[in-house]
**Student:** 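Below is the structure I would like to discuss, written out as structure tokens.
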Amino acid sequence: MLKVAVTDASTEVPGARAPDTVGGTGGFGWHLINSLADQVQIRIDQPGGKTITAVLAPH
């Protein structure tokens, strides 16, 4: 099992958006995390920010 946690200063909950294959503004990450991870948890931290934890189990 691999557990990865990432924290940032935004309280905005991530969501899927159309990948930008021309302009380079992203849109791939959330799709990738949700397709690879067995569990994804979003925790809104106080007083601000969030932590996203993804668990990947061996297959």
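Quantities reported herein were computed from a predicted structural model and do not represent experimental measurements.
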**Student:** If every non-hydrogen atom of Ala16 is compared with every non-hydrogen atom of Trp30, which pair is closest and at what distance?
**Tutor:**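 Heavy-atom minimum between the residues: N-CD1, 3.4 Å.
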**Student:** Checking Thr11 now: which residues fulfil side chain to side chain donor-acceptor pair (under 3.5 Å) with it, not counting sequence neighbours?
**Tutor:**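 So Thr11 forms no side chain to side chain donor-acceptor pair (under 3.5 Å) with any residue.
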**Student:** State whether the side chain of Asp20 and the backbone N or O of Gly26 hold a donor-acceptor pair below 3.5 Å, judged by distance alone.
**Tutor:**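 No; zero donor-acceptor contacts below 3.5 Å.
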**Student:** I need the minimum non-hydrogen distance between Ala57 and Asp38, along with the two atoms involved.
**Tutor:**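 Distance-wise, the nearest heavy atoms are N-OD2, 2.6 Å.
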**Student:** Any luck finding a side-chain donor-acceptor pair between Thr51 and Asp45 under 3.5 Å?
**Tutor:**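 Per modelled atom types, Thr51 and Asp45 side chains form a pair under 3.5 Å.
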**Student:** Would a 4.5 Å heavy-atom cut-off, applied to side chains only, mark Val40 and Ile33 as touching?
**Tutor:**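 Yes; the side chains approach each other to less than 4.5 Å.
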**Student:** In terms of hydrophobic clusters joined by side-chain contacts under 4.5 Å, are Leu32 and Leu56 together?
**Tutor:**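 Same cluster.
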**Student:** Mark yes or no for whether Lys50, through its side chain, and Glu12, through its backbone, hold a donor-acceptor pair below 3.5 Å.
**Tutor:**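 Present.
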**Student:** Please check this pair: side chain of His31 against backbone of Pro19, looking for a donor-acceptor N/O pair closer than 3.5 Å.
**Tutor:**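 No: the side chain of His31 does not pair with the backbone of Pro19.
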**Student:** Thr53 versus Val6: any side-chain heavy-atom pair under 4.5 Å?
**Tutor:**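 They are not in side-chain contact.
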**Student:** Taking all non-hydrogen atoms of both residues, which atom of Val4 and which atom of Leu2 are closest, and how far apart?
**Tutor:**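 Where Val4 meets Leu2 most closely, the heavy atoms are CG2-CG, 4.0 Å.
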**Student:** Is there a path of hydrophobic side-chain contacts, each under 4.5 Å between heavy atoms of I, L, V, M, F, W or Y residues, that connects Ile52 with Val13?
**Tutor:**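 Ile52 and Val13: one cluster.
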